[in-house]
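The model shown is predicted, which means the values in this text are computed figures rather than measured ones. Below, chain A is the first sequence line, B the second, and so on; all start at residue 1.
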Amino acid sequence: MPGHWLFKSEPGEYSIADLAREPRKTGRWDGIRNYQARNFLRDEVKLNDLAFFYHSSCKQPGIVGIAKIVSAPYPDPGQFLPDGPYFDSKATPAAPRWYSVDLQHVETFATVITPGDMRNLDGLENMYLFKQGRLSIQPVNDQEWQQIMALAKSRAPR
DNA sequence: GCCAACGTTGGC
DNA sequence: GCCAACGTTGGC
């Protein structure tokens, strides 16, 4: 059984449409610089797990589709690039601090599933999204995943 | 733009 | 190690 996650991104930085446009619809999920998110990414995200793609800090925040984890976690190259935005002077190749995975686009939903939609469903009260909303990589349990998928499938394309 | 939540920094 | 100050996130 693959694990389930919620990955957040500001669409102005990197949107689900950007992912879908990548060669082989596959891109690197990088730039994670929060230790709790890092720990999930490094220690618990597994090849073939599925993730909700969540757009934050935008006109219509919410879950916009699904992506699949198509690599094992590996050190985020950006931490070693002195001129890049993600440089970390304390990280070394022998002792990397930050990690990335590769994601492949699976599906873009017909409509955005907003936090308001999710608050209205019984059983989603304990989602990380509501308990610890700022975390950029969050586990989603099987029941939560299935409820949100059912809602997404019930929506007619606009 | 506001503001609550919360992570990080740094002096002591 | 404590904790105040500060910065960032992110929904509204």
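- Within the helix from B:dG1-C:dC12 to B:dC12-C:dG1, the inter-axis angle between the opening and closing five-pair segments is 10°, rounded to 10°.
- By the ring-ring contact (aromatic ring centres under 6.0 Å, His included) test, A:Trp29 pairs with A:Phe7, A:Phe53, sequence neighbours left out.
- Within the structure, ring-ring contact (aromatic ring centres under 6.0 Å, His included) pairs that include any residue of residues 58-95 of chain A do not occur (at least two apart or interchain).
- A:Arg21 has a carboxylate O that lies under 4.0 Å from a charged side-chain N of A:Asp18, or vice versa, which qualifies the two as a salt bridge.
- A heavy atom lying under 4.0 Å from DNA chain B marks the following residues of residues 122-136 of chain A, by number: A:Lys131, A:Gln132, A:Arg134.
- Heavy-atom contacts of chain A under 4.0 Å fall on DNA chain C between two terminal nucleotides, which in 5' to 3' order are C:dG7 to C:dG11.
- Residues passing the side-chain hydrogen bond (donor to acceptor under 3.5 Å, both in side chains) test with A:Lys131, sequence neighbours excluded: A:Asn126.
- Each salt bridge (charged side-chain N to carboxylate O under 4.0 Å, His left out) pair with one or both residues in residues 101-120 of chain A, not counting sequence neighbours, appears once here: A:Glu107-A:Lys153, A:Asp117-A:Arg155.
- Applying the side-chain hydrogen bond (donor to acceptor under 3.5 Å, both in side chains) test to A:Ser9 and every residue at least two apart in sequence or in another chain returns nothing.
- A:Ser56 comes within 4.0 angstrom of sugar-phosphate atoms only, judged by non-hydrogen atoms across all strands, and of no base.
- A ring-ring contact (aromatic ring centres under 6.0 Å, His included) check over residues 90-119 of chain A, counting only residues at least two apart or in different chains, returns the pairs A:Tyr35-A:Trp98.
- Applying the side-chain contact (heavy atoms from CB on, under 4.5 Å) criterion to A:Glu144, with sequence neighbours excluded, gives A:Leu124, A:Met127, A:Val140, A:Asn141.
- Residues passing the salt bridge (Lys or Arg N to Asp or Glu O under 4.0 Å) test with A:Arg28, sequence neighbours excluded: none.
- A:Glu125 is linked by a side-chain hydrogen bond (donor to acceptor under 3.5 Å, both in side chains) to nothing, counting only residues two or more places apart in sequence or in another chain.
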